[in-house]
Amino acid sequence: MPEADEVDEEEEMPLSLRLSIADTLTLGNATCGFMAVYFTTTGILIPHLMGSEESGMARHSAATAVILMLCAAIFDLFDGLVARKLRSSPMGAELDNLSDLISFGLAPAYFVLVYGMVADDAYQRVAAVGAIVVLLAVVLRLARFSCVTVKDGTFQGMPSPFGALTVVSIVLLELPFVATLLAIIGTAWLMVSRVEYPKPRGRLAVAMLSWIVLSMGLLAAWAFDAPSGQLLLQTGCALQLVMGAVIPLFATARRVNNFRDNRREARAAQLP
């Protein structure tokens, strides 16, 4: 019997190879990112190269690709919550970084690249540079996230899911090419900057989830050419850009107020 127990212990799967519930959600994140690339290729790029009568970006495929990135953001939101409530395997952090690289690095960068190939006023090679900048920004951000410790409750730089959604929102706004490229590069800079963004916890996590669901509805309305669907989509994309710029301002203002309060308390403590 002792020998049988030893055999069972040897055949048992190593702890580092066991997947937790949080890890399963993380793999769902990676799957959504890959499928976003698939729909961008089969529904937008290939018809364009084949000389399809439909000009520009195919609405249904573009909407599907972006909705998949939104689903990846939901998986990314919940895998962190589940990992904190339950447990995560020893390889959970590595899985999370690799999945984020696919869904929020490769997928939006590829979306920008395809935009540069199919848009009428775009320049393919310049758009390729913008796509590379987005991809490298996410790579650097994820690498820094693994090495640098920041204070609890904040991210240093725009989170990669938020950055990816901001990048695709810029593309979907259909601004002039130069303005689109500058906005994309600005978003990439925010991802690698030291600007603080709050972590989505509590009410903020609920607000983020609600915003993602609303964005899916706007994309669906645009894809099926609903009345005022184009206007609704552009409004949602514009709000995404505004939030990307305003959220760090609130975080900076809160930090300044905390600094002032600390100085007042220190001065009050020095008074006799």
Side-chain angles (χ1 to χ4, degrees), residues 33 36-37 39-41 43-49 51-52 54-67 69-70 73 101 103-141 157-195 197 215 218-219 222-223 228-249 252:
V37 174
F39 278 100
T40 304
T41 302
I44 303 174
L45 179 59
I46 292 179
H48 174 74
L49 296 177
S52 174
E54 186 177 3
S55 60
M57 303 189 75
R59 287 192 173 193
H60 289 82
S61 296
T64 303
V66 179
I67 286 175
M69 293 184 214
L70 290 167
L101 179 59
S103 299
F104 312 125
L106 176 62
Y110 187 70
F111 198 80
V112 172
L113 178 65
V114 172
Y115 154 75
M117 299 177 68
V118 303
D120 295 333
D121 64 337
Y123 298 91
Q124 180 177 337
R125 294 182 179 178
V126 181
V129 173
I132 292 173
V133 169
V134 171
L135 180 62
L136 294 181
V138 175
V139 170
L140 292 172
R141 170 173 176 73
M158 180 183 286
S160 53
F162 198 90
L165 299 181
T166 303
V167 167
V168 297
S169 296
I170 293 169
V171 174
L172 292 176
L173 272 175
E174 298 182 357
L175 300 172
F177 177 73
V178 174
T180 298
L181 185 65
L182 291 176
I184 288 172
I185 294 176
T187 303
W189 175 82
L190 281 174
M191 284 194 280
V192 297
S193 69
R194 297 183 181 274
V195 177
Y197 281 78
S215 299
L218 295 176
L219 284 163
W222 172 68
S228 302
Q230 180 74 20
L231 178 61
L232 289 172
L233 178 70
Q234 291 181 343
T235 302
C237 293
L239 286 175
Q240 177 72 28
L241 268 66
V242 171
M243 287 193 299
V246 169
I247 288 176
L249 294 179
T252 302

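Rounding to the nearest 0.5 Å places CD of Q240 at 10.0 Å from CG of L173. We find the CG-SG distance between L172 and C237 to be 5.0 Å, quoted to the nearest 0.5 Å. Rounding to the nearest 0.5 angstrom, the gap separating the CG atom in L45 from the CE atom in M117 is 5.0 Å. Atom CD of E174 sits about 6.5 Å away from atom CD of Q234, to the nearest 0.5 Å. To the nearest 0.5 Å, atoms OH (Y115) and CG (L181) are separated by 8.0 Å. Distance check: F39 CZ to H60 NE2 gives 12.0 Å after rounding to the nearest 0.5 Å.
Counting only distance, with no hydrogens or angles, the side chain of T180 and the backbone of L175 share a donor-acceptor pair below 3.5 Å. No side-chain donor-acceptor contact under 3.5 Å links Y197 to the backbone of M191.
Side-chain contact between I184 and V133 is absent, with no heavy atoms from C-beta onward closer than 4.5 Å.
A pairwise comparison of heavy atoms in A131 and V112 identifies N-CG1, 4.0 Å as the closest pair. Across every non-hydrogen atom of A73 and P161, the tightest pair is CB-CB, 4.4 Å. Heavy-atom minimum distance, L106 versus L135: N-CD1, 3.8 Å. Between V37 and A107 the shortest heavy-atom distance is CG2-CA, 3.9 Å. The minimum heavy-atom distance linking L70 with S215 is given by the pair CD1-CB, 3.9 Å. Here the shortest heavy-atom pairing between A137 and V192 reads O-CG1, 3.4 Å.
Among the candidates L165, L101, V138, the single residue satisfying the side chain to side chain contact (heavy atoms under 4.5 Å, CB included) test with S160 is V138.
Remark: F177 CZ is packed, more than 12 non-hydrogen atoms of other residues, nucleotides or ligands lying under 6.0 Å away.
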